[in-house]
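Worksheet: the structure to be examined is printed underneath.
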Amino acid sequence: MSNMLEALRGRIAEAMTRSFGAAAVGADPMVTPATDPRFGHYQSNAAMGLAKRLGRKPRELAAELVAAARLDDLCLPPQIAGPGFINFTLRPETITEELRHRLADERLGVAPVSPARRVVIDFSSPNIAKELHVGHLRSTIIGDCLARVLEFQGHAVLRRNHVGDWGTQFGMLIAHLQDVCPEALEEGGSVDLGDIVAFYKEAKRRFDADEEFKARSRGEVVRLQSGVPEAVRAWKALCDQSRRQFDEIYRRLDVRIEERGESFYNPFIPETLNELDALGLITESEGARCVYPEGFVNKQGDPLPLIVQKSDGGFNYDTTDMTAIRYRVRVEKADRIIYVTDAGQAIHFAMIFAAARKAGWLDGARAEHVPFGMVLGEDQKKFKTRSGETVRLKDLLDEAVARARAIVDKKNPELPGKRRAEVADTIGIGAVKYADLSQNRISDYVFSFDKMLALTGNTAPYLIYAYVRVQSIARKGDIDYGHLDPAALSTLETPEELELGRALLRLPEVIDVVARDLMPNRLTDYLFDLSQIFSRFYTNNRVLGDPRQTTRLALCDLAARTIRLGLSLLGIRVIAEM
RNA sequence: GCGCCUGUAGCUCAGCUGGAUAGAGCGCAUGCCUCCGGAGCAUGAGGUCCGGCGUUCGAAUCGCCGCAGGCGCGCCA
């Protein structure tokens, strides 16, 4: 049993039914990590809740539960405290035994979930012909992290980049392309259009300034939508060019994602609308076709619509999102669909989900919006460059790496230049990700290079440093952690050993919580806590040359592997030296 | 105007199905290198959990009413 919390929960649930029979069936054993180390490792608050239902004193019930529970193999005799808290302390032998298993377990005690589900995660989602900018940072990083966590649990995760690759803006882009790069309209061959963003800006400038160009642009939209091959080729060339620029950033961020843009869903729009219509969910209003999910009103207090077809016959993101959610359930057989977008879209998704539910599409599936707050500058205003421009992700990453490089150069000039470059890259990118993920994603997040790259505190550099220290011990002592014999791990004794051992055991519970709440900061909090405990351990417990060397090396190895695994779930790499 | 989100130490933030004396980092003060990397460790000061009322054995957490800030509010996404 590698998840101690689950184990205890099971034992208490069992004791509850044994002691109180039907009255306790389905009641929550209320087992949680202890709120304070002085209370032990875990606690159950079930007695207080039960007291009301059974009309008895909570401390009495707690005593009965303790008497009825079979816990001897896991913990010391439980203590009853306060109004009826039951406090559990794991036995040192239990902790040690479990750590022996972990030494030989690649997954460090985290069992794959059963049954595995099919999960669609919709994240990042930039627009074609535009830049990946700071506005995409959180969606990309958080979405990737959630994907990694759910994949590690064993779920089949479909990572979807719902890029904006359709719409009226393509008219001006195609018209501009005709003028500056006519060869892109020909069949076959790919063309390098250069900086697609500059291209977009120029097209936009002409569109705003030139009536003839504007008219031509409108014509191109029509040609594209009706599938004229030349227009479609131009569109593809534009998307390809954008994709190359996106992929460069995803590569640097080590983010894997499958592009499935809005255009992908075009063929499925008619059947989606037909089905909504057949269900009687579509109402016409001012020439537009609308779905009115209940409970949403506009500023006049009138029902708020999803406009699934505009009055000009065109489609918008309500249409695409309705089509996509239906496709994901019906065709991709998703059990769970997760949308990682800014909090400002909360109402939009609430409406999409409500409408999809009404249509019966979510009967066997769960749709969730995972909202996050804005990225703010240190002035607490929306994060912009000094000149007021949107911050490009590329520039942001470059600066993080450059700053990390400056720190490495200063701290460890003996490291060869090539290694310093790797270290700077790992730390710089890792710091950007960690800073974002360690924040409660709901609140707005103040972006600060200085804070994220700080060598102390809850930052990527601090965690990576803890990892590096373990590798450093190995180098010093000429140790190969791969050759440690699990059986040689003796029962933990010192307070620091026990504290570290207990912290290591928590990993499976933490992963469960992250997957349940989709809150990466629960994982970063744990890793930071673990790293601090590890630092305490190795400053106070000599490893090399100590009679307990083997046991302590095993703890070092487990700490390093736990940190490495945890960081990998955040999308952050480690290095052996820094 | 309505809706959503946020409000916790000087600053930046945690606080997980309501649980015990509310935590961390930074900053500040004071210790610790004959010792595995001091990018570290230890100790301390610092709180009207925005305010009020309510629910509960128990509220930072739930409900209602206010206050402040952010975001959104019909054919962009």
Side-chain angles (χ1 to χ4, degrees), chain A residues 28 30 32-36 38-39 43 45 48-49 51-52 58 81-85 87 125 127 162 164 167-169 262 285-290 296-302 304-312 314-321 341-348 350 371 373-374 376 378 380-382 407-408 411-412 438-440 442-446 448 450-451 454-459 461-462 464-466 468-470 472-477 509-510 513-514 516-517 519 521-522 524-525 528-529 532 535-536 538-540 542-546 552 556 577-578:
Chain A
D28 191 333
M30 305 278 289
T32 65
T35 53
D36 188 303
R38 287 177 299 111
F39 305 139
Q43 64 183 59
N45 307 326
M48 282 88 80
K52 188 130 211 174
F85 298 105
N87 293 327
S125 305
N127 288 321
H162 195 80
T168 49
Q169 77 274 20
E262 295 171 340
S285 168
E286 295 168 38
R289 299 175 78 205
C290 305
F296 299 90
V297 292
N298 67 11
K299 46 187 145 184
Q300 284 83 34
D302 301 325
L304 196 60
L306 285 169
I307 295 173
V308 292
Q309 185 161 24
K310 299 191 286 182
S311 51
D312 67 2
F315 305 119
N316 60 13
Y317 79 136
D318 288 334
T319 321
T320 318
D321 280 339
T341 81
D342 68 274
Q345 297 190 52
I347 293 169
H348 167 69
M374 292 192 302
L376 306 179
E378 295 191 61
Q380 305 281 345
K381 300 251 170 71
K382 194 168 175 179
I407 294 169
V408 178
K411 289 280 181 186
N412 200 352
S438 61
Q439 199 89 184
N440 182 320
I442 306 293
S443 40
D444 291 344
Y445 150 56
V446 178
S448 162
D450 288 334
K451 290 213 165 99
L455 311 165
T456 57
N458 189 7
T459 64
Y462 178 84
I464 294 173
Y465 177 67
V468 164
R469 286 300 293 274
V470 177
S472 178
I473 290 170
R475 280 193 296 275
K476 176 97 180 184
E509 314 161 16
V510 171
V513 169
V514 174
R516 183 195 68 201
D517 297 343
M519 297 285 255
N521 70 306
R522 298 272 156 70
T524 61
D525 284 353
F528 179 53
D529 196 38
Q532 283 188 309
S535 292
R536 268 203 287 281
Y538 81 75
T539 24
N540 295 308
R542 176 83 199 175
V543 177
L544 296 176
D546 190 272
R552 289 180 180 170
C556 284
E577 291 179 272
M578 63 193 277

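Letters A, B, ... are given to chains in the order of the sequence lines, protein chains preceding strands, and every chain is numbered from 1. Being a predicted model, the structure only gives us computed values, none of them experimental. Heavy atoms only: backbone and side chains are in, while hydrogens, waters and symmetry mates are out.
- Between the side chain of A/Thr35 and the base of B/A20, at least one donor-acceptor pair of N or O atoms lies under 3.5 Å.
- Atom NE2 of A/His348 and atom CG of A/Leu304 lie 11.5 Å apart (nearest 0.5 Å).
- B/C62 is paired with B/G54 under the criterion used here, namely a Watson-Crick or G-U wobble arrangement in which both key atom distances are under 3.5 Å.
- Nucleic acid contact for A/Pro305: base, since at least one base atom lies under 4.0 Å from a heavy atom of the residue.
- Base pairing analysis places B/C4 opposite B/G70; the two distances defining the Watson-Crick or G-U wobble pair are each below 3.5 Å.
- For the pair A/Phe39 and B/A20, the ring geometry qualifies as stacking, because the centroid separation is below 5.5 Å while the planes lie within an angle under 30°.
- The CD atom of A/Glu378 lies 6.0 Å from the NZ atom of A/Lys451; values are rounded to the nearest 0.5 Å.
- The listed nucleotides are B/C35, B/G3, B/G25; the one nearest the side chain of A/Ile347 is B/G3.
- Residue contacts shown for A/Ala466 are absent, as no nucleic acid heavy atom lies under 4.0 Å away.
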Are any protein N/O atoms closer than 3.5 Å to N/O atoms in nucleotides 75-77 of chain B? If there are, list each pair with its distance.
{"residue": "B/C75", "atom": "O2", "partner": "A/Ser311", "partner atom": "N", "Å": "2.9"}
{"residue": "B/C75", "atom": "N3", "partner": "A/Ser311", "partner atom": "OG", "Å": "3.4"}
{"residue": "B/C75", "atom": "N4", "partner": "A/Glu286", "partner atom": "O", "Å": "3.4"}
{"residue": "B/C75", "atom": "N4", "partner": "A/Glu286", "partner atom": "OE1", "Å": "3.4"}
{"residue": "B/C76", "atom": "OP2", "partner": "A/Lys310", "partner atom": "NZ", "Å": "3.0"}
{"residue": "B/A77", "atom": "OP2", "partner": "A/Tyr317", "partner atom": "N", "Å": "2.8"}
{"residue": "B/A77", "atom": "O3'", "partner": "A/Glu262", "partner atom": "OE2", "Å": "2.4"}
{"residue": "B/A77", "atom": "N7", "partner": "A/Tyr317", "partner atom": "OH", "Å": "3.4"}
{"residue": "B/A77", "atom": "N6", "partner": "A/Tyr317", "partner atom": "OH", "Å": "2.5"}

Intermediate values then yes/no, side-chain contact (heavy atoms from CB on, under 4.5 Å), A/Leu306 and A/Cys290
CA-CA 5 Å; A/Leu306 285 169; A/Cys290 305; over 6 Å; no
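- By the stacking rule of 5.5 Å between ring centres and under 30° between planes, A/Phe85 stacks on the base of B/A20.
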Show, in sequence, the C-alpha distance, side-chain angles and deciding distance for A/Phe528 and A/Tyr462, and conclude whether the side-chain contact (heavy atoms from CB on, under 4.5 Å) test is met.
CA-CA 8 Å; A/Phe528 179 53; A/Tyr462 178 84; 3.9 Å; yes
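- In this structure B/C33 sits in the syn conformation; its chi angle is within 90° of 0.
- Atom CG in A/Asn316 sits 4.0 Å away from atom OG1 in A/Thr319 (nearest 0.5 Å).
- Considering only the side chain of A/Thr456, B/G25 comes nearest among B/C35, B/G25, B/C16.
- The pairing partner recorded for B/C49 is none, the criterion being a Watson-Crick or G-U wobble arrangement whose two distances lie under 3.5 angstrom.
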